[in-house]
Amino acid sequence: MVSISGSVFFPLTVPDCSSRSRKVAVLDNHNSFCLKKKDQRRIVCNCIAPPPFFKSDGSSTVNFNDSFTSEHLSRDNEDEDEDEDESDVLIECRNVYKSFGEKHILRGVSFKIRHGEAVGVIGPSGTGKSTILKIIAGLLSPDKGEVYIRGRKRVGLIDDEELSGLRIGLVFQSAALFDSLTVRQNVGFLLYENSSLSEDQISALVTENLAAVGLKGVEDRLPSELSGGMKKRVALARSIIFDNTRKEIEPEVLLYDEPTAGLDPIASTVVEDLIRSVHIKGEDARGKPGKIASYIAVTHQHSTIRRAVDRLLFLYEGKVVWQGMTDEFTTSTNPIVQQFASGSLDGPIKY
Ligand SMILES: Nc1ncnc2c1ncn2[C@@H]1O[C@H](COP(=O)(O)OP(=O)(O)OP(=O)(O)O)[C@@H](O)[C@H]1O
């Protein structure tokens with residue numbers, strides 16, 4: 001199942017969640033919010049049946065490899081990797097193009113995200129980093145090229161509801177909480193809207209997921225009663241909550257759009273550690289393994305590159321021009337990477 005976590009969907013009138021309001025405002029193709037009836041909205045979409053090597057908790061019975069162990073220039077066509085094990089690929093963008101009017105933003109972007117990976121997307125402003133996240137989330141469609149979700153080509157946007165196999169959550173830079181809803185209603189929003197769980201079951205899940213991000217006893221507070229850092233935690237809890245009574249529980253990929261932008265260095269560290277903690281290779285605030293299978297973080301922050309991700313994709317002039325492990329970023333001899341890492345005005349990147 002590909003699902004878009006709560007951050008994307010905003011209630012138009014935000015009544016009492018228990019009434020399970022039927023109208024929401026959703027992000028349209030122009031990045032603004034438009035009205036849709038709940039019946040027309042398909043949060044669950046573009047899915048494939050989970051292959052047998054995934055267990056009900058989203059973990060895998062096969063060995064997943066870290067896909068890139070050394071830096072390399074990206075090839076235009078990753079189909080060449082015929083001998084590669086594809087069984088752990090959760091998301092693949094293949095030769096993706098996207099223009100906005102005369103602005104040709106993405107011009108053949110190709111990469112794969114594997115189970116267990118923590119990937120950063122970096123590159124100069126305006127190169128389409130957020131755009132690629134929105135395409136992966138199904139909020140925008142590519143003009144050309146394909147997005148594969150666990151090996152199945154996605155057709156259409158988030159309105160497709162035929163297949164299952166992966167949940168995708170998009171976490172915006174701002175916490176984007178609903179001001180007039182309590183923390184409980186914010187975190188449980190998608191479950192109130194889309195599950196058949198009882199109020200008590202949702203409430204218990206909300207408390208559990210808040211505990212995973214280190215928050216206790218805040219369920220009845222309004223967002224205005226929280227600090228900025230607490231709001232980010234609540235937003236993260238809203239992104240990781242899911243209906244755990246379902247027979248098949250799909251792995252989840254989280255997409256973070258500049259999660260530490262505008263934060264001071266210490267607040268950034270807190271968020272970076274939080275991102276690590278909800279990943280399956282991390283340990284959440286309760287000391288339990290995180291639930292997020294893989295994540296992609298768009299970032300400009302050096303601290304986030306160093307602390308929160310393992311592998312980097314460098315987007316420039318519409319393509320992935322370099323990819324490698326984070327420790328290779330500062331030692332790379334690639335002139336584009338060197339200029340970006342040093343912040344120099346001299347080099348191939350022109351502003
Ligand atoms: N819906 C849209 N309609 C028109 N233009 C758009 C739309 N979305 C993005 N753009 C344009 O596409 C370009 C890439 O935008 P995007 O936000 O993906 O870049 P970015 O690499 O994330 O930038 P930054 O690092 O500054 O956040 C920008 O010039 C932006 O103005």
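Start at 1 and go down the list; that is how both ligands and their atoms are numbered. As the structure is a computational prediction, the values presented were derived from the model and not from experiment. Start at 1 with the first residue, then count along the sequence.
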Within the structure, does Gly126 bring an N/O atom to less than 3.5 angstrom of an N/O atom in ligand 1?
yes
I need the single residue from Thr269, Asp273, Thr260 that forms a side chain to side chain donor-acceptor pair (under 3.5 Å) with Arg307. Which is it?
Asp273
Tested for side chain to side chain contact (heavy atoms under 4.5 Å, CB included) against Leu315, the lone hit among Thr131, Ile122, Val298, Val109 is Val109
Are Val321 and Ile305 connected in the hydrophobic side-chain network, where two residues link if heavy atoms are under 4.5 Å apart?
yes
Could you work out, for atom 15 (O) of ligand 1, the closest of Thr127, Asp257, Thr131 by heavy-atom distance?
Thr131
For atom 31 (O) of ligand 1, which candidate among Lys98, Lys103, His104 holds the nearest heavy atom?
Lys103
Check this for me - ligand 1, Gly123, N or O atoms closer than 3.5 angstrom, yes or no?
no
What atoms of ligand 1 come closer than 4.0 angstrom to any heavy atom of Lys129?
18 (O), 19 (O), 20 (P), 21 (O), 22 (O), 23 (O), 24 (P), 25 (O)
Tell me, please, whether Phe329 has Arg306 positioned over its six-membered ring: NZ or CZ under 6.0 Å from the ring centre and within 45 degrees of its axis?
no
Using a strict 4.0 Å threshold on nitrogen-to-oxygen distance, state whether Glu272 and Lys232 make a salt bridge.
no
Donor-acceptor pair between Glu283 and Ser277 side chains, under 3.5 angstrom
no
Side chain, backbone, both or neither: the part of Ile105 lying under 4.0 Å from ligand 1 by heavy atom
side chain
Any Lys134 heavy atom less than 4.0 Å to ligand 1:
no
